[in-house]
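Each remark here refers to the structure printed beneath this line.
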Protein chains: 2
Amino acid sequence: MPDSKSSRSSKLNKMRRQPQQARSQERVQQILDVAEQLFVEIGYESATTRAIAAQAGVSVGSIYQFFPDKEAILKALAIRYLQKQYQRFLDLHTPAAMTLPLRQYVDQMIDVFDQFYTDYPGSRAIFAQLLDTITWSKIEKIDDFEYQVIDELARFFHARAPSLAISKCERIAMVITKTITELLWLSLGGDPEFRQDLVAETKLLTLSYLQQYLPESAPE
Amino acid sequence: MPDSKSSRSSKLNKMRRQPQQARSQERVQQILDVAEQLFVEIGYESATTRAIAAQAGVSVGSIYQFFPDKEAILKALAIRYLQKQYQRFLDLHTPAAMTLPLRQYVDQMIDVFDQFYTDYPGSRAIFAQLLDTITWSKIEKIDDFEYQVIDELARFFHARAPSLAISKCERIAMVITKTITELLWLSLGGDPEFRQDLVAETKLLTLSYLQQYLPESAPE
DNA sequence: TGGAAATATGAACACTGTTCAAATTTTACC
DNA sequence: GGTAAAATTTGAACAGTGTTCATATTTCCA
């Protein structure tokens, strides 16, 4: 099952060369900012490398000095948002939150993801472009974040119901994560009322399922 | 929010020209068969129109006589599978099945989709290529099938719980459809044990959620 | 200041999907 | 069966892409 033709030589690093001079770092920022704007406005495919270079006031060659290929620019933008999203999720899991009633925990967790899209409206377009464009190999880094969310959730479940095998907790966490991600993503495509409604349904779905495995309250 | 650059002129029809002669229809079949094989083996992007034409024993021009562009070939392949899938779903909704206990209905419905992927293993690769490649506009026909599934489900729910508003039934059906699609898709990525396990979790998730709205048994 | 190392440039390259005038095949009519 | 019109097939040519790399420029440091 050969993946493609591309040689897996040195595209592994996000950046081809670490920018050592201050001016270079500004350049990278400039390229990223222009690329994000163009990707959102006219789409990933229509935003040619020539256009990005021209708009950023650099040459095409300069882009390839920092990014191994065009996809890497989009990936870098997506990772910037994913880090923010993951951090918010982690911040939710304070010792205090671990003892919350299940219903309230589910409420807060889903609100965290929903609020993220409100606070970073640009992330929706970038994620959409990513889903449309990137060939599902080489997402490593991207679903690394998803795996970390699943892992954190699994630990939370195991603390709630120690009799549940950790592997079972991971499976439940995976189901929950995939489902919430999909439904919240769907909610972004409609008007505010639709979105609010779908968030409520997502909470109900999640809670109903988790109640099959977890007690309402945390063990003392 | 301009969608792209493409002119929405006459790409609307699946085929540029309806094949009128018998030989032409064989040609279309030949192109589709070769394209499916190449898409699965080396991927959509690597399968150039030149390669498809050569392998099918026709010229590039002939391809464009029947398909407005390369995407249309992939879409035609996907629609062939989607029709099969949708037909199976419809076949499930006999008058007899409408009175089944909720648990058994959920069981059968999810098995229908799961069984489809077993019976048509090639569909997975084609759907994957479609998700990776097609820009989320112009899928009309594709999620037409999804909408019909949602609609059929909504009618079923309304028959089960007439007090539920039809709009509410549609929303529930949408949530269920999106969730099952996502989880079963995920299940295809693992080994048979993982897949079986995920199908079971999908059933539990679906049933738990539906029980919040629907009675266990159909009304008399 | 001078020259070596780092950085920036954009024409050239390889390859893509797509078109369309010309060649070929089929059809229809006597 | 012969022939001209219509339908169909062809593939070189076109337009546009991402990417490279020899060359020019800038920065750095003795």
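Quick note on labels: first sequence line is chain A, next is B, and so on, each numbered from 1.
Looking at the side chain of B/K70, the nearest of the listed nucleotides D/dT8, D/dG18, C/dT18 is C/dT18. Distance from the side chain of A/Q65 is smallest to C/dT7 among D/dT8, C/dT7, C/dG17. With C/dA11, C/dA8, D/dT10 as the choices, the nucleotide that has an atom nearest any side-chain atom of A/V60 turns out to be C/dA11.
Protein atom CD1 of B/I52 is 15 Å distant from nucleotide atom C1' of C/dC15, rounded to whole Å. Per the geometry, CD1 belonging to A/I63 stands 10 Å off P belonging to D/dT19, to the nearest Å. For A/D69 and D/dT20, the CG to P distance is 8 Å, given to the nearest whole Å. If you measure from atom CZ of A/R50 to atom P of C/dT9, you get 15 Å, rounded to the nearest angstrom. Put simply, CD on B/E71 is 13 Å from C1' on C/dT18, counting in whole angstrom units. Atom CG in B/L38 sits about 13 Å away from atom P in C/dT16, given to the nearest Å. One atom, CZ of B/F66, and another, C1' of C/dG17, lie 18 Å apart when rounded to the nearest Å.
A/K70 contributes a side-chain N or O that, together with a main-chain N or O of A/A47, makes up a donor-acceptor pair within less than 3.5 Å. Remark: the backbone N or O of B/L164 is paired with a side-chain donor or acceptor of B/H158 at under 3.5 angstrom.
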Worked verdict on A/E152 versus A/Y86 for side-chain hydrogen bond (donor to acceptor under 3.5 Å, both in side chains):
CA-CA 11 Å; A/E152 183 67 35; A/Y86 177 59; 5.4 Å; no
Under the side-chain hydrogen bond (donor to acceptor under 3.5 Å, both in side chains) criterion, do B/D33 and B/Q37 qualify, and how do the steps go?
CA-CA 6 Å; B/D33 291 344; B/Q37 183 194 331; over 6 Å; no
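Dashed line: the shortest gap from a side-chain N or O of A/R27 to OP1 or OP2 of C/dT7 is not under 4.0 Å. Between A/Y64 and the phosphate of D/dT19, there is a side-chain N or O to OP1/OP2 separation shorter than 4.0 Å.
In this structure, B/S59 and A/T48 both approach DNA chain D, and ranking their closest nucleotides by distance from the 5' end singles out B/S59. Comparing A/G61 and B/G61 against DNA chain C, the residue whose closest nucleotide sits nearer the 5' end is A/G61.
Using cut-offs of 30° and 60° on the angle between ring planes, the pair B/Y117 and B/F127 is perpendicular.
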